[in-house]
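These notes concern the structure reproduced below.
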Amino acid sequence: MPKFVPNAKHYKYPLPIHPLDDLPELIPHNPVSWLYWLYSYVSRTNLLPSKIHVRFSNGKHITVADPNEMLYLWRNGFFGTAQLSRSEPTWKQRTLDRLGLQKSLVALEHVTEQRRLERLEFKRERANFEAVRLDLRRQGVAETEIAQQEREFLKSLRDRETQLQQNSDVQSRTADEKLFNDSNELVNLEVLELMPVEAIFLTFALPVLDISPLTLTRTLVGDHPSYADINELCIKYVAYHHYRSHGWCVRSGIKFGCDFLLYKRGPPFQHAEFGIMVLNSDASMDYTWYASSARVVGGAKKSFILCYVELQRPQHEALLMWQQGKFSQLFSSYKVGEIMYRRWIPGKNRD
Amino acid sequence: MDNSELVELVKTNLSHQQLWDSVRSFKLSNSDTWMVNGLPPHKLSNDDEELETEWILPVELQQYNSGNMTLEMADQFFAELKCRRIILGIVNDDGTVVYYFMYKGLHKPKKN
Amino acid sequence: MDGSNKIGISLVGSGNGRIPLVFDINDIKKLRDIGVAGILSGTLPSAAQQNGFLSVPLRLMVEEALWLTETGVAFFISGPESVTTAAETVTSSEMERARQELEHSFAEQRVFKRQQHAEKMARLGLSNAEGKETPALLESSLFVEIPSASSLISNEAKRQGNDPAQQQKLWHKLKDGCTNPGDYRVYKALKQQNYFLSPGARFGGRFIAYPGDPLRYHSHMTVQPALDYRRDPLNLLQVVSGGRLGTGVKKLWVVAGVRAHEEQEDIESDVSFFSIEWAGFG
Amino acid sequence: MASKTIERDEESSITRDLLDSDDEADELSKDWSHIAKLCKSQAVVPKRGDKDYEPDGTNAQELLLYRAKKAMFDSLSDAARGTVVKNQIKAFYVPERHLAFISQPKGNFMHTMGKVDRNGTCWLNFHEFVYLAERGTITPYFKRSDREDHGLDPLLSIQDLYLLFRSSQESDEFAVFAHLKRLGFIVMPSQMSPDDHNNDQIKHMPRAGLTDSLSKLTKALSQIFQVPTYHPLQYHLTRYTTSGQIYAALNKLVPFYTAPKTAKEIDQERYSRTINSRKNDFTFDVWKPQGSFKKKTPGLPDLHILVLNKNTSDYSFPTYSVIRSLFQSVYSKYDGTLERQESAAGSPLSSKTGKQFSKPVPPHLEQQRRLKKGYRSFILAVMDDGLISFVKLTESDFGSENVWFKTTRRASKNKPRSDRSTRHNGGKNPGGEKKTEELNAIR
């Protein structure tokens, strides 16, 4: 039986750098306790025992391969995305499960897939009925009669749907044979990938990764970029840092067509409430751009935030700071402001 | 459109997250564009007659990387592959891949 | 050219960026029969407190107005000065005729109302004299109609319809007022395939395309503003949003590329369409 | 597992909501048989079934389409515009002034429309004139410049009225005006805040500058003595004993725009803006439907509206600096801050509401409200060839909020932290993990 671990304990710290929150107690009338406290304070730092190793794979994709390090980044602030899972690295477990090598909980991805297949089946049935209805119409059957048949059909579908069983047969593919090493153990193919802005945050703002900010940014945009080359990355980073530093868990918003999603604490705790689109402050897009983005984000019950980032110095100065690696100066040269964008329906706002 | 750096990533994703079979990559003629093809684990839509080989074009989402695709390029891909649809394998900067059908011309939506 | 059987499209405003409107209900019927629905945008007097069902004028998309005039189905009527000039120069005899028409309408109404009154009395078993309606009451209940279409400028409208040079000028002005000139070619290409089109901003597109009259059929596509076929990159973040939206509302997200050479009007090869849809996984 | 379910739902929730909003936005597909019932004289049209996927060539489908079209055109033809002689109010359009007057003003519309001059003549602005004519409330005439006598002033048709719009922008604005009026809103051309014209109190208010720069100075001084953040040695020299300290160090980096949080700050911003530019940016000021409205003393509007046509060549969606300056001209009734409500509650006008005695809200919920609601706002009405989309743009301020959470407080100082104490806490509080993830509302 799996051990129950409450989320709050699992994800105790919001950042991969932990505070020194277990210092010994200070007892006012006991000088020894002071000394012990002082010793503990001086002898320790917030730094990690060793930094997390990243490498570039497939060009500019920044990845972490060590399973413990992957888990550490996920557990301490939900950094990175496991490449073969939705977010948290679960691929190995899922694969063992799929190949019938280990009994375990049905992983999330599996359930989703099952549901999807059921929906497809439902839709197939619907399509069949459409054909029947067309036929009835051609025969001149009355519309009321057709409607009655449709109701009965829908009811029978609902009944069937509740009966549908999950079948989880073990299937094996040729691709799976390559998944095992010489000693017949499953190789972990999964790596954790960091967004460029996450990687910058974890080396520039927090000393977590074993790569310097300069090396990282050079690799991402090349040695001699123009301002136009760095603008996109700079404004995205500034926005990312802004939200992270105010306590949000910031994750990619690609599934909702925006730049970032903001979670309180993190995905296991609650849905993201805000979808963020990062823009240059002088941006003005075609209206369809705002409308479609807002519909996707709004459709998932999230507030749609336009995050404008304004460079407050000349571009050539910003570029110079980039080249000299003066990142704190560079990022401080931008200012952030937010606008909430939401559809408004007059009829629903009359009082 | 040079998408060579994305090919392995998309292939791995198809083989081991989406559980596709016979995933292969190849380069289009007179171009630096790579395509991936493979067999999905089940029919992708009810409109499909049968399980068939799908063609996937890996593309990078983010603007601060190269790889912008014009519709002229899309036409060239269709011209060479002679298929009814390609699948855009859109690679995000966090390594997530999302897949979208792209049909040449006007296509009817699914009935249900 | 005789404008009399053609549909009159009034252009509101001056300069570029005018608004094409149709006021005649018979014209609106004709438009519907050739696949142009338009948007009704005036208050419906019988239900004046809602926006779901509106009345004339019918507002057209600029692309529709361009197409209808280019194909010779319609002609333009322009400008505030037409009305001002016509009103200032109305002759006494024209006013007299208008007064007689109103009188005539009143006379008909009186006959109708008296007849109705008599029938009502008969039903109630009362003699006509007992329930006699006072003439004052009758007079105050006569209806004065505000017509939709103008009779004031009907001559001026005819004159404009027969002035090809002015029609040309208005056509080009209207086209120059568009945000994205490529959209007109996209419109024409879709129209050739018999789609009904409506404005699409609410669904995040330029047009919504229906396979038949929207009164009866679901829409099939959200069509994006025209792209330059060779130059404009496909915005992939928009593709993601679009595919997502489409999945929810069963519409395909359609992108259209228009080739840059302005002169060629060969529609078939001019616009390339691609339809995008979430693949259902990933 | 529970946590994972949340994650899956997050993506699948999108579909249903979109389907719901589909109908609402689908303007072209209304079932006119509904309206046929609303209009008195109509024979009731049978309710049609759901819409079809595409034309299938059947007679049944043809018939359904025929009926739908008939219902629509019958409704249009039967709904004649106009009025009975008894209620007739004649209004005369004066081209030089682009206004219309009513010589014997009467009618309910006078509460929210028109302006009566010294001679007792009621003047309608052009939007009001067209709107009332469309409803049949007034009968529109053209006032000829060369005659005193109305007998020779021609009656105007709806087509004439629309052609008299001076620009497409004016016509688009009318469409928005009429849309809101039909729903009962009270709509006036936008004015600058009455305060900005003649409020001595605001004019003599100390400028924001001085006090602001003083506080900035003290802040800067205190920062000199801190260990530099983002310095390579930062984590070697400094010890952080809470996550809050780490966050506090992180969020010094990026400057941000803040929203004014008090009535005073808002007034100051607006004042500093109006002395720079005296132009008025919004199209309409709008009041929600209300019976007690007085034209002379309307009070603060509920909304400001800006009308925009997305399909004209001069369209551009406002940039951030434009939106910001629009926020600065906002003076509508404002529900963004607690302070504003409190100051309003203090005034005799709103003391009836009794809201000031409501329970205090916990800080993290208060914060949640600020984040979700935002601060100043206005409405953008986007015209798309006859379909209007309304968009509310609201000033947000994430920079002024910190949402980092505190880890569990030790239950007792003597006991070592253990699973037991955490669970004990959880047991006491069936509301879940609220206790442990209680959000800081530090500002």
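Every value quoted in this text rests on a predicted model; they were computed, and no experiment measured them. Here is how names work: the chains are called A, B, and so on, in the same order as the sequence lines, proteins then strands, and each is numbered from 1.
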Of the listed C/Ala136, C/Gly212, C/Ser14, C/Ala48, the one with the largest count of heavy-atom pairs under 4.5 Å with chain D is C/Ala48
Under 4.5 Å to a heavy atom of chain D? For C/Ala98 that would be neither
Pair count under 4.5 Å, heavy atoms only, with chain C: among D/Val130, D/Leu163, D/Thr139, highest is D/Leu163
Cut-off 4.5 Å, heavy atoms of chain C, and the answer for D/Lys69 is both
| said: Between D/Glu134 and D/Tyr162, is there a side-chain donor-acceptor contact under 3.5 Å, judged purely by atom types and distance? | reply: yes
When the 4.5 angstrom heavy-atom criterion is applied to D/Phe142 and chain C, the contacting part is side chain
Max heavy-atom pairs within cutoff under 4.5 Å with chain C, candidates D/Gly386, D/Gly136, D/Ser171, goes to D/Gly386
Under 4.5 Å to a heavy atom of chain D? For C/Ile28 that would be both
Scored by heavy-atom pairs under 4.5 Å with chain D, the best of C/Arg18, C/Met61, C/Arg99 is C/Met61
Bottom line for C/Glu139: the part with an atom under 4.5 Å from chain D's heavy atoms is backbone
Is a salt bridge present between C/Asp213 and D/Lys51, judged by a nitrogen-to-oxygen distance below 4.0 Å? no
If one checks every heavy atom of C/Phe106 against chain D at 4.5 Å, the contacting part turns out to be side chain
The salt bridge (Lys or Arg N to Asp or Glu O under 4.0 Å) partners of C/Asp183 (sequence neighbours excluded) come to C/Arg206
Query - Heavy-atom side-chain contact between D/Ser157 and C/Glu145 under 4.5 Å - result: no
(Q) Checking C/Ser92 against C/Glu96: is there a side-chain donor and acceptor pair closer than 3.5 Å? (A) no
The interface call for C/Asp176 against chain D, heavy-atom contacts under 4.5 Å, is backbone
Most contact-rich option vs chain C, by heavy-atom pairs under 4.5 angstrom, among D/Asn311, D/Leu76, D/Leu65, is D/Asn311
Q: Indicate whether the side chain of C/Ser148 and that of D/Gln159 have a donor and an acceptor atom separated by less than 3.5 Å.
A: no
Comparing D/Asp385, D/Leu164, D/Ile388 against chain C, the one with the most heavy-atom pairs below 4.5 Å turns out to be D/Asp385
**Request:** Would you mind checking if C/Asp27 and C/Lys30 are paired as a salt bridge, meaning a charged N to carboxylate O distance below 4.0 Å?
**Result:** yes
Under 4.5 Å to a heavy atom of chain D? For C/Val22 that would be neither
When the 4.5 angstrom heavy-atom criterion is applied to D/Asp314 and chain C, the contacting part is neither
- Message: Less than 3.5 Å apart, any donor N or O on the side chain of C/His220 or C/Tyr195 sitting next to an acceptor on the other?
- Response: no
If only side-chain N and O atoms count, and only distance matters, is there a donor-acceptor pair under 3.5 Å linking D/Asn309 with D/Gln169?
no
Okay, D/Leu156 and chain C: the region with an atom under 4.5 Å from a heavy atom over there is both
Among D/Gln61, D/Lys86, D/Arg81, the residue with the most heavy-atom pairs under 4.5 Å to chain C is D/Arg81
Honestly, the part of C/Leu58 sitting under 4.5 Å from a heavy atom of chain D is neither
Can you see whether D/Asp74 engages D/Ser77 through a side-chain donor-acceptor pair at a distance of less than 3.5 angstrom? no
In terms of heavy-atom pairs under 4.5 Å with chain D, the winner among C/Thr91, C/Leu60, C/Ile77, C/Val56 is C/Val56
Chain D shares the most heavy-atom pairs under 4.5 Å, among C/Gln49, C/Lys29, C/Glu88, with C/Glu88
Whatever's closer than 4.5 Å to a heavy atom in chain D on C/Leu142 counts as both
Parallel, tilted or perpendicular: which one describes the rings of D/Tyr131 and D/Phe177, with boundaries at 30° and 60°? perpendicular
Sorted by chain and residue number, the side chain to side chain contact (heavy atoms under 4.5 Å, CB included) partners of D/Leu183 (sequence neighbours excluded) come out as A/Pro346, A/Arg350, C/Asn51, D/His179, D/Phe185
Turns out that what part of D/Gln88 lies under 4.5 Å from chain C's heavy atoms comes down to side chain
Okay, D/Ser167 and chain C: the region with an atom under 4.5 Å from a heavy atom over there is backbone
Looking only at C/Ser41, C/Gly177, C/Ala86, most heavy-atom pairs under 4.5 Å shared with chain D are made by C/Gly177
Quiz prompt | Pair D/His98, D/Glu170: side-chain N/O donor-acceptor within cut-off below 3.5 Å | solution = yes
No-hydrogen, no-angle side-chain donor-acceptor test under 3.5 Å, C/Tyr184 and C/Glu64:
no
